[in-house]
Amino acid sequence: MEASGKTLLCRRLQGLHRKEAPSVPFNTYTVATSGIQLTEVACPKGTPHIKSLMMREVGGQMAPLWPTYFEDCRMVLFVVDASDAAAVAPAAVELCEMMSHPAMADKPVCVVLTKQDHALVLSRQELELVMHLSDLERACEPGQFCVVEASAIPGGFAAAPGGAEREGMRFDGAALVLEWMVERKAAALGLPHVSVSPLGAGQRTDYG
């Protein structure tokens, strides 16, 4: 969706596991993506067989052309601005249309609820009322659909998924997104994969 934080999220994912620490502060300046932008993202240290992921960011203004990219993608991150109430209903329509497209059959989808660092964001319950995320998850095979609350800003943590046992705990949502992407690619390639999870080394996350 337009102005949902896709570019900043890609930039944040790209910087999570760089071999060398960046010498400049995190750049939060962005402009609207009017076309396509490719970003190579390094995998977490210790990830077997997979060194990096290539992300294709498609601008929200290109929504009518999104279906032309469904066939060639391995998975989809669908980014929603959780701080913009007016954007949620259009996002719900686009998400349902995307998931019902024949080329998206069996393609993993992660809905990323961004801008959790903002002072005012919609609650998960409010988003659920409009987007029916739980219904979409139940309609998919296990692991093929997940929802992650995230902030693209370093230090802008969000509540962790996983249930009441983690209530009050906070984790880097961007790291959870990358972990999900790595696991989905490993599964698609038939590779054994032990999660190097931000929730704890060697643990397997349960958000998808």
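With a 6.0 Å radius and a threshold of 12 heavy atoms from other residues, nucleotides or ligands, L38 has its CG atom above the threshold.
Note on V121: it does not cluster hydrophobically with V88, by side-chain heavy-atom contacts below 4.5 Å among ILVMFWY residues. Under a hydrophobic-cluster definition in which Ile, Leu, Val, Met, Phe, Trp and Tyr are linked whenever side-chain heavy atoms come within less than 4.5 Å, directly or via other members, L65 and V93 are assigned to different clusters. By the criterion of side-chain heavy atoms lying less than 4.5 angstrom apart, applied directly or through intervening Ile, Leu, Val, Met, Phe, Trp or Tyr residues, V76 is grouped together with I36 in one hydrophobic cluster. Residue V130 is grouped with residue F78 when hydrophobic side chains (ILVMFWY) are merged at heavy-atom distances under 4.5 angstrom, including chains of intermediate members.
Heavy atoms only, all atoms of each residue included: A174 and A150 are closest at N-CB, 3.9 Å. The two atoms that bring F145 and L136 nearest to each other are CZ-CB, 3.8 Å, heavy atoms only. In terms of heavy-atom proximity, V148 sits nearest to G173 at CG1-O, 3.6 Å. Residues A86 and P90 come closest through the heavy atom pair O-CD, 3.3 Å. The two atoms that bring K115 and S83 nearest to each other are CD-OG, 3.8 Å, heavy atoms only. Counting all heavy atoms, side chain and backbone alike, L191 lies closest to H49 at CD1-CB, 3.6 Å.
Separation of atoms CD (E57) and CG (L9) is listed at 9.0 Å; rounding is to 0.5 Å. How far CG of D84 is from CG of L122: 8.5 Å, rounded to the nearest 0.5 Å. The distance from atom CE of M181 to atom CD1 of I50, rounded to the nearest 0.5 Å, is 10.5 Å.
For the ring-ring contact (aromatic ring centres under 6.0 Å, His included) condition, no pair includes a residue of residues 105-126, sequence neighbours left out.
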Quick one, L95 with V111, criterion side-chain contact (heavy atoms from CB on, under 4.5 Å). Give me CA distance, side-chain angles, the key distance, then yes/no. CA-CA 9 Å; L95 177 60; V111 178; 3.9 Å; yes
Run the side-chain contact (heavy atoms from CB on, under 4.5 Å) check on V41 and H17 step by step: do they pass? CA-CA 8 Å; V41 176; H17 297 284; over 6 Å; no
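Considering only heavy atoms from C-beta on, L189 comes within 4.5 Å of R74 through its side chain. Residues D81 and L113 are not in side-chain contact: their nearest non-hydrogen atoms beyond the backbone lie 4.5 Å or more apart. Counting only heavy atoms from C-beta outward, the side chains of Q144 and E137 never approach each other to under 4.5 Å. Counting only heavy atoms from C-beta outward, the side chains of P44 and L178 approach each other to under 4.5 Å. Proximity of L13 to R11: side-chain heavy atoms (C-beta onward) are nowhere separated by under 4.5 Å. Two residues are said to be in side-chain contact when any heavy atoms from C-beta on lie closer than 4.5 Å; M55 and Q14 fail this criterion. V182 has its side chain within reach of L53: a pair of non-hydrogen atoms, C-beta onward, lies under 4.5 Å apart. Looking only at side-chain heavy atoms (C-beta outward), V58 and R56 come within less than 4.5 Å of each other.
A donor atom on one side chain and an acceptor atom on the other are not found under 3.5 Å apart for Q116 and S151.
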What pairs of donor and acceptor atoms, side-chain ones from residues 96-110 against any protein atom, are under 3.5 angstrom apart with sequence neighbours left out?
unit_1, atom_1, unit_2, atom_2, d
S100, OG, C96, O, 3.1
S100, OG, E97, O, 3.0
H101, ND1, A103, N, 3.0
K107, NZ, F70, O, 2.6
K107, NZ, E71, O, 3.4
K107, NZ, C73, O, 3.0
K107, NZ, A103, O, 3.4

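D72 pairs by the salt bridge (charged side-chain N to carboxylate O under 4.0 Å, His left out) definition with nothing, not counting sequence neighbours.
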